[in-house]
Amino acid sequence: MMTRTIHLARGPLLAALAAVALGGCLSEDDRVDTPVADTSGGGGDASDAAADTTTAVDTSDGFIHCDPREAVTGCPDDLICDTHSAICVECIGRRSRCTDSGRETCETPVSPGLGLLTSGGFFEPDACGQGEACIPDGIDADCAPIVCEPNASVCVDAKVRRCNPWGTQEDLITCDPGKACYEGQCEFLRHNVLLVFDTSGSMWDYIDPPSAVAQNPSDCANTGAPCLDPFPACDDPEDPLTLITLAKRVFAESVQTSIGAFAQFALQRFPQVEAGSNPANCSLGWYTVPDPPVLTGDDDAWATTAGGWFDQHLREAFVVPFPVRNNLDNGDDLLEWLDNVESLGASETPCNGNADCGTGRCALLNGEKRCFYHAEEELRVGGKTPLGKSLFYAGEYFRRFVVVDGKACSRSADCGSAGYLCRDQKCVDPYRKCRDNFIILFTDGEESEHQVETDFFNPVVQAKRLAYGLDCETAADCRGGATCECVDASCAAHRCVAPIWPNDQSQPYFATGGYGALASPDGEPIRVRTTVINLTDNAGSARNQRIALAGGGVSLDVSATDPETFKTTLIQVMSPNYKCTPEDLETTTSP
């Protein structure tokens, strides 16, 4: 420990303090005359000026002297006035502290008298031993062996093993129910919920049609029905006239309530193509609907391939994908498609006419022609109701981009799906058994394209394919507890029989040649259940109930005139409970 010695400073204050320490009086030789400066302009009180001499001063030896008798001793805020030496010190009792360079210790000041400090009072280096780290402990600091990387966290089964900030202790933390360790921290085990939003032309209808000839606002001027405001404002979400505006408002409120808990969401519409050159209107906005209503390039194949038409035109239907990492949130992206705001923005591409801009519009920007494309996108409605194709697209999206166990990778980001890690160059979801996959199909009508159940793309067939499977050779080819049974007495073919189906003979069957159910790249079964929300009172709701039955979900009828019940129903199906308890996860492979 370094020793510092300070001698009594020559000054009236310290001379007086020394006198007090030596008996309270000064000899004639020790007495110091203190000149008093007149700062009053000739009329000031000399005693006021003399009082200024009691403030602390810096001495040539580097210490700051102080007056312990005063309320304001004269020490800086980070120093203390030692009563024995009348010197500002860092401590008056033994203390240790941790610094960036290690540990420092301040010993109790040792003073033989006023103005003298022989040792202590200031922090000096007091290094910890080799392989040790300094740990704060209240007003002291201790040294302890380093056993782990400071602040590092790793997963041990579903628990978090976390190192303290100094690397001297590890704690094993059990995640709350519904969470497990993922990349060193507790994360929600979220189910995948795909929202399929009906964007057919019937959603343009009035919630409460004024008459049989006034079903939607397209001819309101002639029918006497209420007209909408001009595009792009159109309908009022707080007092909607149309089904689409009501549905978007309810979906937006439901998303805000449900996002971030035990489910993550994606948003799918019926296929639409950007068409910025079209005259804007409140029904389709700056979009157009293909005829037939399928993705560009759809060749009716029973499975899609990497890099083909499905990949190239996926966004025509899937407007908001699932988050690709656990720590990402797509809630704002979902809400942007439901906020009744749509606009075009200029690109850097020059043009002479709309033909130069593909799906955009050629317009002037500061006197120059530029291509304009969507800056703010929105769900708009028009065209038919392709429920079956939409379910097929949903299944391919899950199979190709969401449930990707066994996909080749070199890093976790290559998996492109939340919850997946790259292990041994293969994508792995260590908690796959805790996640379920759901489709919530919202519609106000029924299938318009593939209406018979002998059609592979019929919505009942597709729903059963995703939830239970169609044809099979063994029970392993089926999903959701379905059994593999003979189609007829000859037993030449087999089909998956769903356990909850009330009449086995009515279950859809296809000889699909290996496309009867979904599997991930490693061959593990994928099951997706479909729930149907019917915003209709017509006979189509009965056929849509069959979709839900085939899809292992539920069919829920709501009324457009009762938005609160609509919202409550939607939130209920958007909020599945967590599936695994902490005890279920004890033997989970460490991610």
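The model shown is predicted, which means the values in this text are computed figures rather than measured ones.
- Atom CZ of R400 and atom CG of L314 lie 8.5 Å apart (nearest 0.5 Å).
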Practice item. Step by step, work out the side chain to side chain contact (heavy atoms under 4.5 Å, CB included) result for T531 and F438. Key: CA-CA 8 Å; T531 284; F438 300 96; 5.8 Å; no
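- Residues F122 and V89 are in side-chain contact: their nearest non-hydrogen atoms beyond the backbone lie under 4.5 Å apart.
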Review point. Under the side chain to side chain contact (heavy atoms under 4.5 Å, CB included) criterion, do E378 and K248 qualify, and how do the steps go?
Key: CA-CA 10 Å; E378 185 70 12; K248 286 194 290 188; 2.8 Å; yes
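- With contacts defined as side-chain heavy-atom distances shorter than 4.5 Å, the pair F322/F398 qualifies.
- For the pair G331 and D329, the tightest heavy-atom approach, listed with the atom from each and the gap, is N-OD1, 2.8 Å.
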Practice item. Dump the intermediate steps for side chain to side chain donor-acceptor pair (under 3.5 Å) on R162 and S153, then the final yes or no. Key: CA-CA 4 Å; R162 183 172 297 155; S153 294; 3.3 Å; yes
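- By the neighbour-count criterion of 12 heavy atoms within 6.0 Å, atom CD of E376 is densely surrounded, having more than that number from other residues, nucleotides or ligands.
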Point to revise | disulfide bond (SG atoms under 2.5 Å apart) evaluation trace for C580 with C434 | key: CA-CA 5 Å; C580 294; C434 300; 2.1 Å; yes
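- Taking CG of D126 as the start and SG of C106 as the end, the distance is 11.5 Å to the nearest 0.5 Å.
- For D332, the CG atom is loosely surrounded, since the number of other residues' heavy atoms within 6.0 Å does not exceed 12.
- Between D171 and N164, the closest side-chain pair of non-hydrogen atoms is not below 4.5 Å.
- Between the E253 side chain and the K567 main chain, no donor and acceptor come within less than 3.5 Å of each other.
- No more than 12 heavy-atom neighbours from other residues, nucleotides or ligands sit within 6.0 angstrom of CZ on R161.
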Exercise for review: Evaluate disulfide bond (SG atoms under 2.5 Å apart) for C88 paired with C81, printing each intermediate quantity in order.
Suggested key: CA-CA 4 Å; C88 296; C81 187; 5.5 Å; no
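- Crowding of H84 atom NE2: a count of heavy atoms from other residues, nucleotides or ligands under 6.0 Å not exceeding 12.
- For the pair I87/H65, a side-chain contact is recorded, criterion being any heavy-atom separation below 4.5 Å from C-beta on.
- Ring centroid separation for the pair F392 and F310 does not come in under the 6.0 Å cut-off.
- Counting heavy atoms of neighbouring residues, nucleotides and ligands inside a 6.0 Å radius, atom CD of Q572 does not exceed 12 of them.
- Disulfide status for C163 with C148: present, SG atoms under 2.5 Å apart.
- To the nearest 0.5 angstrom, L391 atom CG is 7.0 Å from Q462 atom CD.
- The SG atoms of C134 and C143 sit 2.5 Å or more apart.
- Here the straight-line distance linking atom CZ of F197 with atom CD1 of I533 works out to 10.5 Å at 0.5 Å rounding.
- Of the residues C409, C415, C422, the one that meets the disulfide (SG to SG under 2.5 Å) test with C427 is C415.
- Side chain of Q268 to main chain of S390: a donor-acceptor pair is present (N/O by atom type, distance under 3.5 Å, no hydrogens or angles).
- The aromatic ring centres of F442 and F251 sit less than 6.0 Å apart.
- Taking all atoms of both residues into account, the shortest heavy-atom contact from S417 to V402 is OG-O, 2.7 Å.
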Practice item. Check step by step if side chain to side chain donor-acceptor pair (under 3.5 Å) holds for R190 and Y431. Key: CA-CA 10 Å; R190 292 189 171 98; Y431 309 114; over 6 Å; no
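- The backbone N or O of L421 sits nowhere less than 3.5 Å from a side-chain atom of R411 that would complete a donor-acceptor pair.
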Practice item. Start with the C-alpha gap between C478 and T483, add the side-chain angles, then the distance that decides, and say whether side chain to side chain contact (heavy atoms under 4.5 Å, CB included) holds. Key: CA-CA 7 Å; C478 301; T483 56; over 6 Å; no
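- A donor-acceptor pair under 3.5 Å links the side-chain atoms of Y420 to the main chain of V404, judged by distance alone.
- Taken from OG1 in T530 to NZ in K464, the straight-line distance is 13.0 Å, to the nearest 0.5 Å.
- When only modelled atom types and interatomic distance are considered, T304 and E396 share a side-chain donor-acceptor pair under 3.5 Å.
- Disulfide criterion (SG-SG under 2.5 Å) for C472 and C484: met.
- The shortest non-hydrogen separation linking L518 to G395 is CD1-O, 3.5 Å.
- Distance check for C181 and C155: the SG atoms are under the 2.5 Å cut-off.
- No more than 12 heavy atoms of other residues, nucleotides or ligands shown are found within 6.0 angstrom of CD1 on I92.
- Ionic pairing of R69 and D67 is present here: one or more N-O contacts between side-chain nitrogen and carboxylate oxygen are shorter than 4.0 angstrom.
- A 6.0 Å sphere centred on CD1 of I173 holds more than 12 heavy atoms belonging to other residues, nucleotides or ligands.
- For the residue pair C75 and C66, the shortest heavy atom distance occurs at SG-CB, 3.6 Å.
- Using a cut-off of 4.0 Å between Lys/Arg side-chain N and Asp/Glu carboxylate O, R95 and E90 are scored as not salt-bridged.
- F401 pairs by the ring pair (Phe, Tyr, Trp, His ring centres under 6.0 Å) definition with nothing, not counting sequence neighbours.
- In this structure, the separation between CG on L189 and NZ on K579 is 11.0 Å, given to the nearest 0.5 Å.
- The two atoms that bring A86 and L114 nearest to each other are CB-CD1, 3.5 Å, heavy atoms only.
- With S520 as the fixed residue, the side chain to side chain donor-acceptor pair (under 3.5 Å) test singles out one of K407, R432, R399: R432.
- Here the shortest heavy-atom pairing between L295 and P271 reads N-CG, 3.9 Å.
- Here the side chains of D176 and C186 are not in contact, with every heavy-atom distance at 4.5 Å or above.
- Residues Q185 and E183 bring no donor and acceptor atom of their side chains to less than 3.5 Å of each other.
- With a 6.0 Å cutoff to the six-membered ring centre and a 45° limit on the axis angle, R527 counts as a cation-pi contact of Y468.
- With respect to R315 and E377, a salt bridge is recorded, a charged nitrogen being found less than 4.0 Å from a carboxylate O.
- For the side-chain contact (heavy atoms from CB on, under 4.5 Å) test with L267, the passing option among V319, V255, V196, D333 is V319; the others fail.
- Ionic pairing of D522 and K426 is not present here: no N-O contact between side-chain nitrogen and carboxylate oxygen is shorter than 4.0 angstrom.
- Partners of F265 by ring pair (Phe, Tyr, Trp, His ring centres under 6.0 Å), not counting sequence neighbours: none found.
- Side-chain N or O atoms of S111 include one that pairs as donor or acceptor with a backbone N or O of L116 at under 3.5 Å.
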Check your understanding: Given D405 and V403, is the side chain to side chain contact (heavy atoms under 4.5 Å, CB included) satisfied, shown in steps?
Key -> CA-CA 6 Å; D405 299 78; V403 186; 3.7 Å; yes
